[in-house]
Amino acid sequence: MNRQPPVAISGLGCICAAGGNLPGCTEALFTRPPAPAPPRALLGAQHPVFEVPDRFLPTIGSQHPPMVRAVRLALTAANEALADAGLTAAALRQKRVGVVIGTNVASGVSNRALQRELGGIDCSGMSPAERFLTVNPAQWLARHFGLSGPHVTIVNACSAGGDAIGLAGTWIRSGRCDVVIAGGTDAFYEVTYYGFIALLNSDTEACKPFDARRNGLNLGEGAAMLVLESEAVRASRGVKPRAFLSGYGTAADAYHLTAPHPEGGGLRVALRDALAAAGASRADIAFINAHGTGTRENDRVESLFFHDLFPGVPFGSTKGFTGHTLGAAGAIEAAFTIAALELRKIPATAGFEVPDPELPAHPSRMPTAISGTMALSQTLAFGGNNSILIFSAEPSA
Amino acid sequence: MTLKDQLKQIIVEDLNLVHVLPEEIGDDDPLFGDRFGLDSIDAVELVFQLKKHFGVVIKNQSEGRSILQSVNTIAAFIEKRQEA
Amino acid sequence: MKACILGAGVVGGFGCGRAALEAAIRNRSAPEAPAVPALTAQTDLLDRFVPPRTLRRVDHYARMALLASRLALEDAGMDDGLPENTGLIVATGMGPTANTLDLQPADVAAADLALSPILFSNSVQNAAAAYISMLLKIRGPCLSINQYEMSVPLAFQTAIDWLEEGRTSTVLVGGVDCFSKALHDASLSRRETKNGSGGRTPAPVGEGSAFFILTRSDAAGAQYPFVHDVHMGAAMRPDAPPVPNTLMLHNSRKTDLLDHASAHVDLTHLYGTFPTSMGMDVAAALALLRTEQLLSMCLPRSDGGSAIPENPRIGCLKQGETGDWGMIVIGRDGR
């Protein structure tokens with residue numbers, strides 16, 4: 001992997017349990033973590049989740065095709081990111097604008113879930129094409145904004161949001177797009193909820209990333225979108241980027257369906273490629289946004305990885321603020337990573353109180369000031385996918 | 001069919017062990033490891049199948065590790081729960 | 001840069017492997033029309049490559065993708081394994097539908113621990129990529145794409161992007177979809193509509209998988225077929241009529257292929273239609289480019305001439321039900 005030119009990020013949008021927009025989320029990260037609660041729609045279910053409060057969702061009139069929750073979350077975040085970038089709908093139509101969105105559940109919901117989401121409309125007769133138009137977030141946003149550029153939905157499970165942003169960088173650098181709306185979205189879905197419970201990977205209490213008592217994740221929901229721009233478009237608009245996407249690396253463990261490679265096999269390859277693309281070294285990394293789900297295995301592998309390759313570099317997990325938002329996680333945490341670069345501090349790891357003596361590296365229990373202009377965000381997914389994004393405050397390290 | 005025979009059948013059929021017959025599993029044989037090739041997904045699937053067939057609940061992975069060692073340890077766990 | 005195609009593997013209603021597809025094209029032998037209008041695929045051949053015990057959790061959907069991938073390796077002479085850092089891109093239109101749509105109230109009762117972990121794992125959208133990566137030891141970038149009928153051209157485009165930016169030197173890329181009740185119902189309703197209006201009977205619904213091994217042309221010999229280009233466009237009008245899977249011969253450097261096609265053919269009666277059936281079209285195009293007899297049989301020149309164009313290229317076009325269109329253009333060799 002050769003060094004690649006950084007890609008400007010001119011707008012950010014985010015919605016999750018922590019907040020209805022990125023400033024709201026950022027404030028919550030440093031002041032008041034939300035508490036997870038049993039899912040509203042499932043009577044008797046006990047494992048807590050981080051759902052987006054209805055008051056965070058703007059009212060959107062009736063739509064055709066009808067809008068499922070994951071699309072509504074994606075649209076909310078995209079509207080915020082476009083406004084942040086100063087791009088109007090009219091301006092978008094004059095440019096080659098692509099859409100890349102990662103998701104886990106939005107592209108494959110069952111009749112039952114779809115029916116409930118669409119307010120009881122009978123979905124059994126929906127054709128595959130109609131179903132696709134209703135649930136596919138990339139298609140939905142491309143149509144909604146009248147975009148003619150490429151649009152694709154990435155379904156890389158828990159790393160999908162990060163992979164979407166990585167692919168968006170490629171689309172800008174190759175000249176295929178002037179602007180790309182990239183991110184991830186996922187809504188609460190009962191099959192996933194019961195699936196993680198069945199895998200014994202769901203905590204019965206609030207999740208505790210990297211904590212000695214950690215016992216699984218809490219599911220969350222939300223979306224985040226980034227606006228990436230070519231240098232030519234950015235310069236012609238005269239806007240200052242909020243950050244740059246400097247590197248993206250992704251690699252598979254080829255090890256196990258649900259467990260990460262014990263020595264972080266694919267994670268190390270992803271890091272090598274991300275650093276090479278950024279033209280950076282490990283010493284340039286000011287802090288790391290860990291995947292930190294709160295499962296025994298994930299946090300163990302990440303702690304070993306940090307201890308081995310990033311000794312002394314501050315790291316933390318934000319899953320205690322958002323839950324694990326699956327396909328959205330890589331994007332939400334990309335937005336948090338950029339916000340932390342701007343603020344020059346990272347939040348405490350919510351849920352982390354008792355350091356695990358079996359782990360060699362620990363996150364901070366307090367917000368931590370950081371120096372440096374480059375940060376790394378990583379995701380580890382089902383099937384052994386590992387993806388790493390490197391963001392910088394400056395165009396070069 | 002005894003409880004242990006029933007367990008062996010569940011292990012072979014629900015985990016789709018195409019290379020093992022139920023009667024080849026000894027009561028004390030370690031279920032996890034090279035011999036039968038079971039792994040962590042089989043462990044959680046067994047937890048699910050035991051709940052489905054016998055209504056017994058294994059709450060977390062560490063509890064599962066001690067209960068799922070062999071057909072004997074699973075049978076003992078089920079019998080204890082059914083007596084309670 | 002052109003992306004060379006080192007090998008292809010296919011699994012469909014016609015059988016398994018390149019030779020089976022070529023024979024089906026040659027003999028114009030559409031499989032028997034089944035009672036359920038669907039061309040389903042068999043994957044027993046997979047046992048030849050992988051010990052059955054390692055496949056015990058792999059469902060039909062992932063088995064098709066795994067077998068097509070393994071056949072592509074064999075076709076490329078890479079039985080001993082793929083190069084280090086090979087990438088993987090899996091395109092699917094429906095995902096592991098049989099699972100996802102079957103995960104219905106019976107499986108998900110309102111009680112904790114009510115869902116089979118294996119069933120749940122197999123319903124995750126990147127399950128096929130996960131199994132391929134594990135069993136073929138692919139440790140490079142892995143991507144699963146779900147964009148309905150545009151999934152295959154998007155996957156090819158991404159594979160070329162990865163090769164161009166040096167992310168990887170080799171990519172295993174392909175598509176997979178499995179038959180499901182949703183596809184079946186859609187097929188029935190379409191058939192009824194066409195019969196009622198006196199239109200031609202559409203090809204049956206199918207399922208299957210087609211995978212290809214792509215590498216940079218500067219790393220391979222000039223004798224390999226190559227991906228000349230990938231084009232995609234959004235529907236200009238929402239009511240634009242679908243264009244079925246079409247293979248078109250053209251000998252033009254122009255990319256506006258619709259106006260320059262000299263002949264075209266629809267081969268979906270051999271493998272059925274499904275969201276990622278464009279992968280089958282690409283495999284069929286490779287067969288046509290390999291054998292001039294098949295090429296002149298399937299794509300006769302409109303002027304009646306028998307000469308094969310000097311540098312034949314085939315465009316695989318589909319304008320899907322949503323109006324979006326995509327085309328993958330395959331060239332015969334780089335000589």
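Residue numbers start from 1 in every chain, and the chains themselves are labelled A, B, ... in the order their sequence lines are given, proteins ahead of strands. A quick note: this is a predicted structure, and the numbers were derived from the prediction, not measured. Atoms considered below: every heavy atom in the structure, side chains included; atoms not considered: hydrogens, waters and symmetry mates.
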Quiz prompt | Heavy-atom side-chain contact between A:Asp273 and C:Pro141 under 4.5 Å | solution = no
Self-check item: Check: C:Asp161 and A:Arg173 side chains under 4.5 Å, non-hydrogen atoms
Solution: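 No, their side chains stay 4.5 Å or more apart.
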Practice problem: Might you confirm whether atom CD of C:Glu84 has over 12 heavy atoms from other residues, nucleotides or ligands at distances under 6.0 Å? | Solution: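 Open: at most 12 neighbouring heavy atoms sit under 6.0 Å from CD of C:Glu84.
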Quiz item: Can you say whether C:Thr92 sits under 4.5 Å from chain A via the side chain, the backbone, both, or neither, judging by heavy atoms?
Solution: neither
Quiz item: So which part of C:Ile145 gets closer than 4.5 Å to some heavy atom of chain A, the side chain, the backbone, both or neither?
Solution: both
Self-check item: chain A contacts, top residue of C:Met232, C:Arg57, C:Lys137, C:Glu165 (heavy-atom pairs, under 4.5 Å)
Solution: C:Glu165
Exercise. Please determine, among C:Leu88, C:Leu136, C:Leu154, C:Ile132, the option with the most heavy-atom pairs under 4.5 Å with chain A.
Key: C:Leu154
Toward chain C, the part of [X] with a non-hydrogen atom under 4.5 Å:
X: A:Leu257; answer: both
X: A:Ser202; answer: neither
X: A:Asp253; answer: backbone
X: A:Gln4; answer: side chain
X: A:Thr170; answer: both

Quiz item: Do side-chain atoms of C:Asn146 reach the backbone of A:Ile154 as a donor and acceptor pair under 3.5 angstrom?
Solution: no
Exercise. Among A:Phe196, A:Phe382, A:Tyr194, find the one that has a ring pair (Phe, Tyr, Trp, His ring centres under 6.0 Å) with C:Phe120.
Key: A:Phe196
Practice problem: Consider only side-chain N and O atoms of A:Asn136 and C:Gln147, and report whether a donor and an acceptor are under 3.5 Å apart. | Solution: yes
